[in-house]
Number of protein chains: 2
Amino acid sequence: MSTTRKETDVWMHCSNSAVRRAARQLGQLYGGVLGASDLRSTQFSLLSQIASSGEPTLKSLAGAMVMDLSALGHTLKPLLRDGMVEMLPDPHDKRVKRVRLTAEGEARRGELMAAWRDAQDRFDSLLGRDKSEELRRTLAQIGSPEFAAAFAAAGKGD
Amino acid sequence: MSTTRKETDVWMHCSNSAVRRAARQLGQLYGGVLGASDLRSTQFSLLSQIASSGEPTLKSLAGAMVMDLSALGHTLKPLLRDGMVEMLPDPHDKRVKRVRLTAEGEARRGELMAAWRDAQDRFDSLLGRDKSEELRRTLAQIGSPEFAAAFAAAGKGD
DNA sequence: TGCATTTAGTGGTATATGCCACTAAATAGG
DNA sequence: CCTATTTAGTGGCATATACCACTAAATGCA
């Protein structure tokens with residue numbers, strides 16, 4: 001019956017499913033290369049983003065990570081507890097808090113750079129440099145605020 | 001200083017980060033379209049996979065979802081609790097359990113199909129059909145067991 | 001100036017996911 | 001046939017992530 005056909009269509013044609021599957025796979029693969037260190041691959045990503053952002057506010061960091069603000073707060077807790085990052089008050093706005101890496105966090109991050117590079121090189125080789133870069137570009141586009149806005153707008157006028 | 005440059009490189013060139021950001025974004029966007037129904041977008045994906053698999057064993061379902069077996073078990077709990085799916089023993093192997101949708105689960109899934117279609121259409125339009133299909137193909141490749149095996153093998157011979 | 005509104009974070013609750021240790025069942029060897 | 005090993009699931013614990021309600025601080029405006 002055609003029912004089976006349609007059901008198959010869903011998981012084959014759902015970009016949301018597809019991206020989640022890939023995310024789980026890469027979480028495993030990168031995590032495996034990073035090894036049983038103190039930092040998970042998600043935490044490494046977060047520390048890297050913080051490092052490249054200077055001393056971002058929680059809000060801006062959440063935006064950069066395409067993450068809910070409260071989710072970021074929760075995610076930061078183990079890192080705070082383990083002394084990888086610290087929170088500072090903003091001098092101009094008492095509502096605002098900024099995050100930065102501690103020396104410890106910076107050190108850990110540095111230790112994992114080589115492993116990350118290894119994982120990323122394997123990935124690039126397997127997929128092909130061009131395809132890999134193209135993929136990251138597309139994913140960046142999907143993660144952009146502009147994409148979210150356009151997606152929402154597509155619903156309005158529909 | 002060159003330090004800043006290198007740090008920037010990480011989050012810009014990390015496929016793992018990129019795919020997770022995109023996953024969070026799409027989770028939000030698809031979730032928004034599915035609305036405040038009983039099912040989250042991840043649950044919809046899972047039900048769809050079950051529906052298209054017949055009565056899969058937990059093991060095979062986990063494989064199809066590119067998910068850890070125990071993670072699948074946990075994820076299934078709310079769906080079992082809410083009567084969306086049910087577990088059956090395998091007649092040939094007492095270790096094995098199979099899952100299937102209940103009438104309720106099938107109904108819910110059906111109700112959400114239109115909304116999912118809407119979300120997916122918006123996505124395809126925004127990215128362009130070709131690029132969208134190409135993306136799903138690439139993500140499927142990344143999620144494949146072959147990719148995982150090749151990735152692991154790249155480490156050995158390295 | 002004074003209050004209504006908006007903005008940044010926090011904490012609670014629930015789902016999503018992974019790792020490890022453990023159990024039961026099947027299977028391979030001898 | 002009996003035991004060592006492998007296989008399928010379960011349960012505990014930890015992180016990842018979202019939504020909601022709530023607080024405090026800043027801002028807009030009459």
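Reckoned from all heavy atoms, side chains included, excluding hydrogens, waters and symmetry mates. Residue numbers start from 1 in every chain, and the chains themselves are labelled A, B, ... in the order their sequence lines are given, proteins ahead of strands.
A salt bridge links A/Asp124 with A/Arg136: the distance from a Lys NZ or Arg NE/NH1/NH2 to an Asp or Glu carboxylate oxygen falls below 4.0 Å.
Closest to the A/Asp68 side chain, of the nucleotides D/dA25, C/dG18, D/dC19, is D/dC19. Checked against C/dC19, C/dG18, D/dA8, the side chain of B/Ser70 finds its nearest nucleotide in C/dC19. Considering only side-chain atoms of B/Thr75, the nucleotide from D/dG9, C/dT17, C/dG18 that sits closest is C/dT17. Considering only side-chain atoms of B/Lys59, the nucleotide from D/dA8, D/dG11, C/dG9 that sits closest is D/dA8.
When hydrophobic clusters are built by joining Ile, Leu, Val, Met, Phe, Trp and Tyr residues whose side-chain heavy atoms come closer than 4.5 Å, directly or via intermediates, B/Met65 is grouped together with B/Phe44.
Interface remark: the A/Arg95 side chain does form a donor-acceptor pair with the C/dT7 base, using a distance-only criterion of under 3.5 Å. Side-chain N/O atoms of B/His74 and base N/O atoms of D/dG9 include no donor-acceptor pair closer than 3.5 Å.
Mapping A/Asp93 and A/Pro78 onto DNA chain D by nearest heavy atom places A/Pro78 at the nucleotide closer to the 5' end. Summary of the strand contacts: B/Lys97 and A/Leu69 both lie near DNA chain D, and taking for each the nucleotide with the nearest heavy atom, the more 5' one is attributed to B/Lys97.
The CG atom of B/Leu72 sits 12 Å away from the C1' atom of D/dT10 (whole-angstrom rounding). Regarding A/Arg20, its CZ atom lies at a distance of 9 Å from the C1' atom of D/dT17, rounded to whole Å.
Between B/Leu39 and B/Leu47 there is a side-chain heavy-atom pair separated by less than 4.5 Å.
A/Arg98 comes within 4.0 angstrom of no nucleic acid atom, judged by non-hydrogen atoms across all strands.
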